[in-house]
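Notes follow once the structure below has been shown.
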Amino acid sequence: MKISQSLADAFHPLDRKRFETIKRDEFKLPHTLIGLKYLRDKARNERDLRELYRDRALYELLQNADDAGAKKAAYILSRDGLAFVHDGQWFTVDNFRSLADGWSDKDPSQCIGHKGLGFRSVLDITPAPYLIKVDREHFFAVKFTWALNNGHIQETLGKDPTLREHYKRWTKHGHSVCPVMAIPGLAKKHNLEDGTTILDRLIRGRYGGEFTTMFWFPARDPDTDHKVLEELGPTPITADSHGRQVLLSFLREEVSVLLPFLASVEEVAIYEEDCRIGWAHIPEAVEERREREITVHWEADGETHSESFFQMHFTFDIPLQILNQADTPKAIKALKERGTRIVLSVRLEDNQPIQDDGS
């Protein structure tokens, strides 16, 4: 029986051949005014999303790893940028299409994080995000850069000089009309800088796991115009005092509380080059019960800590008066079933629940 292409894309892993096919069929823009307007609107959306998702990149990456069924995830600092890796499912064709389009393939009846925009948050920390498959046999990586999109713009203006008036009008107040994440391209291994070293260490098992997926967020992109880089305004996370503080604070204040709520991720590590400087994990195979106690162990700056939580799991119907309220999120209203799952987590101290004003 022949499988439809849409069904095949849902489970076929992304590889070089499939990437080149969908790039040719779906990401090859016309050299026309319509193509320029498409890129202009993508650039505007990226500006808006950078503000909306400011300081959310680390969290969104961890959430994406959890969605991919990862058990282990790691943030790796280097002099040239930040890598994020996990051992979950590698991208299917559909997964990548959603990432590149900024459109989620998640079922809104199953979760509320379905806008498909969260990955745009990485533009807060890099001018050029890379997606890399961790594979011993073949190198395969996809990049998103300003230069790829600007190349299409300049080629279009060269083919049809009459479009320059539109371009000048759009940019006369200094606005960039060229996005980063619109036209994806294949990346070369030697262009990854420190990312190449990190990838080689991953393949050799230096980070303690069989990882499948690596995101590379370089601090610089030599192909991006200096003025454009100033407008994009990313704040890179690298192996310096600022980068260490950002990641270790995230581990202490966010990861230690988030882990009990995640569906699959059990361990998150932070490395500087190949030295582990932070780690958080929960015991494996924590029994799923309506009521349970769960402990998160974490270490940072050479200190070890444990925090325990009492959790209760509820499943109940969302009341109609809540669904009908004007300020109820559309994602909640879109749920096909009124039943929803809630996890209540209360911090324990000396085996007693304690008040947390910040909860």
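Throughout, numbering of the chain's residues begins at 1 and tracks the sequence. Excluded from the calculations below are hydrogen atoms, water molecules and symmetry mates; all remaining heavy atoms, backbone and side chain alike, are included.
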- Query: With no hydrogens and no angle check, is any side-chain donor or acceptor of D87 less than 3.5 Å from a backbone partner on E210?
  - Reply: no
- Message: Using a 3.5 Å distance criterion without hydrogens, assess whether the side chain of K189 forms a donor-acceptor pair with backbone atoms of A141.
- Response: no
- Query: When rounded to the nearest 0.5 angstrom, what distance separates NE2 in H313 from CG in L344?
  - Reply: 9.5 Å
- Query: Hey, are D94 and T92 close enough side-chain-wise for a donor-acceptor pair under 3.5 Å?
  - Reply: no
- Would you indicate whether the side-chain heavy atoms of L58 and V246 approach each other to under 4.5 Å? yes
- Mind checking whether I277 and L259 sit in one hydrophobic cluster, side chains of I, L, V, M, F, W, Y counted as touching below 4.5 Å? yes
- Message: Please determine whether the number of non-hydrogen atoms from other residues, nucleotides or ligands lying under 6.0 Å from atom CG of D327 exceeds 12.
- Response: yes
- Message: If you apply the rule side chain to side chain contact (heavy atoms under 4.5 Å, CB included), what do you find for D301 with L248, and how did you get there?
- Response: CA-CA 8 Å; D301 296 326; L248 291 177; 3.2 Å; yes
- Will you find, in the side chains of D221 and T145, an N or O donor that is under 3.5 Å from an N or O acceptor? no
- What residues form a side-chain contact (heavy atoms from CB on, under 4.5 Å) with T32, not counting sequence neighbours? P30, I34
- Message: Can you classify the ring geometry of F119 versus F217 as parallel (below 30°), tilted (30 to 60°) or perpendicular (above 60°)?
- Response: tilted
- Item | R16 atom CZ: more than 12 heavy-atom contacts under 6.0 Å | no
- Would E307 and R347 count as a salt bridge (Lys or Arg N to Asp or Glu O under 4.0 Å) if you check the C-alpha gap in whole Å, the side-chain angles of each, and the deciding distance to 0.1 Å? CA-CA 7 Å; E307 291 190 274; R347 199 185 306 270; 2.4 Å; yes
Going by atom type alone, with no hydrogens or angles, which donor-acceptor pairs under 3.5 Å involve a side-chain atom of residues 171-187 and a protein atom two or more places apart or on another chain?
residue, atom, partner, partner atom, Å
T171, OG1, Y167, O, 2.8
S176, OG, C178, N, 3.3
S176, OG, C178, O, 3.4

- Non-hydrogen atoms of P13 and R18 that approach each other most closely: O-NH1, 3.0 Å
- Query: Between atom CG of N191 and atom OH of Y130, what is the distance when rounded to the nearest 0.5 Å?
  - Reply: 5.5 Å
- Linking I/L/V/M/F/W/Y whenever their side-chain heavy atoms sit closer than 4.5 Å, directly or via other members, would F140 and I22 fall into one cluster? yes
- Smallest heavy-atom separation, A70 atom then S264 atom, equals O-OG, 2.9 Å
- T21 side-chain N/O to K17 backbone N/O, donor-acceptor pair under 3.5 Å: yes
- With sequence neighbours left out, what residues match R164 under side-chain contact (heavy atoms from CB on, under 4.5 Å)? L157
- Other than L148, which residues form its hydrophobic cluster under the rule that side-chain heavy atoms must be closer than 4.5 Å? none
- Item | Residues that D135 engages under side chain to side chain donor-acceptor pair (under 3.5 Å), provided they are two or more places apart | none
- Item | side chain to side chain donor-acceptor pair (under 3.5 Å) partners of Q154, counting only residues at least two apart | N150
- Message: Under a 3.5 Å cutoff, is there a donor and acceptor pairing between the side chains of D80 and S78?
- Response: no
- Message: Run the side chain to side chain contact (heavy atoms under 4.5 Å, CB included) test on W216 and L82 for me, step by step, so that the C-alpha distance in whole Å, both residues' side-chain angles and the decisive distance to 0.1 Å come before the verdict.
- Response: CA-CA 6 Å; W216 172 236; L82 174 71; 5.6 Å; no
- CG on L62 to CG on L262, rounded to 0.5 Å: 5.5 Å
- Message: Using 0.5 Å steps for rounding, measure from the CZ atom of F144 to the OG1 atom of T126.
- Response: 12.0 Å
- Task: Give a yes or no answer on whether the side chain of D124 reaches the backbone of P234 with a donor-acceptor pair at less than 3.5 Å.
- Result: no
- Message: Between D160 and T162 (side chain of the first, backbone of the second, donor and acceptor by atom type, cut-off under 3.5 Å), is there such a pair?
- Response: yes
- K188, NZ atom: more than 12 neighbouring heavy atoms under 6.0 Å: no
- Message: Under a 3.5 Å distance rule, please check whether D225 uses its side chain to pair with a backbone N or O of K227 as donor and acceptor.
- Response: yes
- Query: Which residue pairs satisfy the side chain to side chain donor-acceptor pair (under 3.5 Å) criterion with at least one member in residues 35-47, sequence neighbours excluded?
  - Reply: none
- Output, in order, the C-alpha distance, side-chain angles, deciding distance and verdict of side chain to side chain contact (heavy atoms under 4.5 Å, CB included) for L163 and T156. CA-CA 8 Å; L163 298 176; T156 299; 3.6 Å; yes
- Query: Is F84 reachable from F96 through a run of hydrophobic residues whose side-chain heavy atoms are each under 4.5 Å from the next?
  - Reply: yes
- Message: Assess, by modelled atom type and distance only, whether the side chains of T295 and S306 contain a donor and an acceptor separated by less than 3.5 Å.
- Response: no
- Task: Please report the shortest heavy-atom distance between T238 and A219, naming the atom on each side.
- Result: CG2-CB, 3.9 Å
- Query: Shortest non-hydrogen contact from T213 to W90?
  - Reply: OG1-CE3, 3.5 Å
- Query: To the nearest 0.5 Å, what is the distance between CG (L61) and OG (S121)?
  - Reply: 6.0 Å
- Not counting sequence neighbours, list each pair that qualifies as a ring pair (Phe, Tyr, Trp, His ring centres under 6.0 Å) and has a residue in residues 240-264. Y75-F250
- Message: T328 vs Q325, test: side chain to side chain contact (heavy atoms under 4.5 Å, CB included). Steps then yes/no.
- Response: CA-CA 5 Å; T328 296; Q325 285 182 3; 3.5 Å; yes
- Of all heavy-atom pairs between D194 and R79, which one has the smallest distance, and what is that distance? OD2-N, 3.3 Å
- Query: Roughly how far apart are I318 CD1 and N324 CG, rounded to 0.5 Å?
  - Reply: 11.5 Å
- With sequence neighbours excluded, residues passing side-chain contact (heavy atoms from CB on, under 4.5 Å) with H305: W298, E303
- Give me the ring orientation class for H86 and F215: parallel if the planes are under 30° apart, tilted from 30 to 60°, perpendicular past 60°. tilted
- Message: Taking F91 as the starting point, is it possible to reach M214 by hopping between hydrophobic residues whose side chains are less than 4.5 Å apart?
- Response: no
- In short, side chain to side chain donor-acceptor pair (under 3.5 Å) pairs touching residues 270-283 with sequence neighbours left out are R206-D274, R244-E272, E267-W279, R276-E299
- Task: Could you pull out the closest heavy-atom pair between Y207 and L202, with the gap in Å?
- Result: CD1-CD2, 3.5 Å
- Counterpart residues, side-chain contact (heavy atoms from CB on, under 4.5 Å), relative to P260 (two or more places apart): I294, V296, F309, Q311
- Query: Same hydrophobic cluster for V142 and V134, using side-chain heavy-atom links shorter than 4.5 Å among ILVMFWY?
  - Reply: no
- Note on the structure: Using a 4.5 Å side-chain heavy-atom cut-off and chaining through intermediate ILVMFWY residues, the residues clustered with L229 come out as none
- Item | Side-chain (T224) to main-chain (W146) donor-acceptor, under 3.5 angstrom | no
- Message: Can you confirm whether more than 12 heavy atoms, excluding those of E231, are under 6.0 Å from its CD atom?
- Response: yes
- Message: Tell me whether S308 contacts the main-chain N or O of L348 through its side chain, where contact means a donor paired with an acceptor under 3.5 Å.
- Response: no
